[in-house]
> 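The structure is given below, and queries will be raised subsequently.
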2 protein chains.
Amino acid sequence: MLRVTATTPQEAESCPVRDVLDRIGDKWSLLILCALADGKLRFMDIKRAIGDVSQRMLTQTLRHLERDGYITRRVYPSVPPRVEYELSELGRSLLVPVQQLIAWAETHHPEIAAARDRYDARPENVPQAD
Amino acid sequence: MLRVTATTPQEAESCPVRDVLDRIGDKWSLLILCALADGKLRFMDIKRAIGDVSQRMLTQTLRHLERDGYITRRVYPSVPPRVEYELSELGRSLLVPVQQLIAWAETHHPEIAAARDRYDARPENVPQAD
DNA sequence: CCGCATCCCACATGATACTG
DNA sequence: CAGTATCATGTGGGATGCGG
């Protein structure tokens, strides 16, 4: 069996895979990482690139990504303030397996959609919307 | 910029990457897929393999995985009931990029931990627990 | 053994307003 | 511009009990 987490709560706290998935599995982290793939961006540039993220969630997600070392944050003490975010080496290296997953998703999306159609077509699975 | 989602809500509904990440990013799906990597298992076997999952969440996650075509569900009309779950071809193929991500996570976990320690050591980041 | 229904709570996320 | 603070809310997920 592949080892993804641990059987005891203590071990689960330090599961490497959960650490990573808790980040890229959330709603905004991956979008931010991909927005920064081309180079450094300012706060508002990221916000515009993503579109429908609230300032609160953007700030929070950026902090998490910074804490884990995926991005760097640089503040220029000018007025108005200017903050630039950039992928770190670690962040860029994460993008490699992530892009493989993205490629897989795009390749197999039709199969997933077909599987859902088949599943939803079965009479026994229609009680309510799921 | 890497394209991970869309800028409009309508497009976001059918984003392939979100479809996949919403699954493997949740709390139990990846654990179940990995538990099934070695072969078919009965409901209770999966529950024991994972350890601290509730029956409710196990059932729900298995349904989602079945609906998306990652696993197959086979019911034997015996008494007591007997249900076996098995990875589909699609599920096995998903494990390829997923295992790369797992490998990345295990390789780079020390760097993440170090980055967190550095971040948490900075005085300006200590207001509350985050 | 397998799974559904119900209740409930914690938390992630969003909306809005305010600040340096 | 780049946040912080506050309030509201939807949903994930646990506990428990019942049913086939």
Side-chain angles (χ1 to χ4, degrees), chain A residues 5 9 12 18 21-32 35-36 40-67 71-86 119 122 124-130, chain B residues 5 9 12 18 21-32 35-36 40-67 71-86 124-130:
Chain A
T5 189
R18 279 259 66 89
L21 281 179
D22 285 349
R23 213 66 3 262
I24 73 162
D26 74 20
K27 200 171 177 183
W28 305 112
S29 291
L30 195 53
L31 295 174
I32 294 173
L36 290 173
K40 63 181 65 170
L41 286 178
R42 297 179 61 175
F43 184 90
M44 274 302 166
D45 294 331
I46 301 174
K47 184 159 163 49
R48 269 187 293 271
I50 295 179
D52 60 342
V53 62
S54 64
Q55 282 199 342
R56 169 183 159 78
M57 289 315 299
L58 182 54
T59 300
Q60 181 178 307
T61 308
L62 285 168
R63 288 294 174 282
H64 285 153
L65 292 173
E66 183 196 1
R67 186 168 109 98
I71 63 176
T72 60
R73 177 173 181 267
R74 181 146 199 178
V75 183
Y76 296 87
S78 57
V79 53
R82 173 192 183 84
V83 181
E84 285 182 349
Y85 294 90
E86 189 175 13
Y119 184 92
R122 307 193 186 189
E124 65 270 27
N125 300 328
V126 287
Q128 309 92 340
D130 193 10
Chain B
T5 189
R18 278 261 66 88
L21 280 179
D22 285 350
R23 212 69 2 266
I24 73 162
D26 74 19
K27 199 171 176 182
W28 305 113
S29 290
L30 195 54
L31 296 173
I32 293 174
L36 290 173
K40 64 179 67 169
L41 287 178
R42 299 181 59 177
F43 184 90
M44 275 300 165
D45 293 331
I46 300 174
K47 183 161 165 49
R48 269 187 292 271
I50 294 178
D52 58 345
V53 62
S54 66
Q55 281 200 342
R56 169 184 159 77
M57 288 316 298
L58 183 54
T59 300
Q60 179 177 306
T61 308
L62 286 168
R63 286 296 173 280
H64 285 153
L65 292 173
E66 183 197 2
R67 186 168 110 97
I71 62 175
T72 60
R73 176 173 183 266
R74 180 145 201 179
V75 182
Y76 297 86
S78 57
V79 53
R82 172 191 183 88
V83 182
E84 286 181 346
Y85 295 90
E86 188 174 14
E124 65 272 26
N125 300 329
V126 287
Q128 309 91 339
D130 193 10

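Numbered from 1 within each chain, the chains take letters A, B, ... in sequence-line order. All values below come from the heavy atoms of this structure, side chains included, with hydrogens, waters and symmetry mates left out.
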> What's the CD-P distance between B:E66 and C:dC2, to the nearest Å?
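Roughly 15 Å, once rounded to whole Å.
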> Without decimals, in angstroms, what is the distance between B:D52 CG and D:dG12 C1'?
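Going from CG in B:D52 over to C1' in D:dG12 covers 15 Å.
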> Ignoring backbone atoms, establish whether A:R73 has a side-chain N or O less than 4.0 Å from OP1 or OP2 of D:dG3.
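It does, given that an N or O in the side chain of A:R73 lies less than 4.0 Å from OP1 or OP2 of D:dG3.
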> State, to 0.1 Å, how close A:R23 and A:L65 come at their nearest heavy-atom pair, and which atoms those are.
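Closest approach of A:R23 to A:L65: CG-CD2, 3.8 Å.
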> Is A:D45 salt-bridged to A:R48, going by a charged N under 4.0 Å from an acidic O?
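Looking at A:D45 and A:R48, the cut-off is met.
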> Is the distance from OP1 or OP2 of D:dA2 to the nearest side-chain N or O of A:R42 less than 4.0 Å?
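For A:R42, the contact criterion (side-chain N or O under 4.0 Å from OP1 or OP2 of D:dA2) is met.
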> Need to verify one output field. Residue with the more 5' nearest nucleotide on DNA chain C, A:P80 or A:R56?
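Of the two residues, A:R56 wins.
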> Return the value, rounded to whole Å, for the distance between atom NZ of B:K27 and atom C1' of D:dG14.
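Atom NZ in B:K27 sits about 9 Å away from atom C1' in D:dG14.
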> To the side chain of A:D26, which of D:dG14, C:dT13, D:dG3 is closest?
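The nucleotide sitting nearest to the side chain is C:dT13.
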> Just the rounded figure in Å: distance from C1' of D:dT11 to CE of B:M57.
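Interatomic distance, CE of B:M57 to C1' of D:dT11: 11 Å.
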> Output the rounded distance in Å from CZ (A:R23) to C1' (C:dA12).
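For the pair A:R23 CZ and C:dA12 C1', the rounded distance is 12 Å.
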> Side chain of A:S78, backbone of A:P81: donor and acceptor closer than 3.5 Å?
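Checked: no pair found.
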> Take the protein atom CD1 of B:I46 and the nucleotide atom C1' of C:dC2, then report the distance between them rounded to whole Å.
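Atom CD1 in B:I46 sits about 12 Å away from atom C1' in C:dC2.
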> Just N and O in the side chain of A:R63: are any of them under 4.0 Å from OP1 or OP2 of D:dG3?
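Answer is yes, contact under 4.0 Å.
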> Counting only side-chain N and O atoms of A:K47, is one of them less than 4.0 Å from OP1 or OP2 of D:dA2?
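Checking A:K47 against D:dA2: no side-chain N or O falls below 4.0 Å of OP1 or OP2.
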> Take B:L62 and B:Y85, measure what side-chain contact (heavy atoms from CB on, under 4.5 Å) needs, and give me the verdict at the end.
CA-CA 9 Å; B:L62 286 168; B:Y85 295 90; 3.6 Å; yes
> Starting at CG of B:L58 and ending at P of D:dG14, how long is that distance when rounded to a whole Å?
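Atom CG in B:L58 sits about 11 Å away from atom P in D:dG14.
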> Report the distance from atom CD of B:Q55 to atom P of D:dG13, rounded to the nearest whole Å.
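Whole-Å distance recorded here is 17 Å.
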> Taking for each residue the nucleotide of DNA chain D with the nearest heavy atom, is it B:P81 or A:V83 whose nucleotide lies nearer the 5' end?
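Result of the comparison: A:V83.
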> Would you say B:K47's side chain and B:L58's backbone share a donor-acceptor pair under 3.5 angstrom?
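Flag not set: sc B:K47 to bb B:L58 has no pair under 3.5 Å.
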> Does a side-chain N or O of A:Y85 approach OP1 or OP2 of D:dC1 to a distance below 4.0 Å, or not?
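Answer no for this pair, as no side-chain N or O of A:Y85 is under 4.0 Å from OP1 or OP2.
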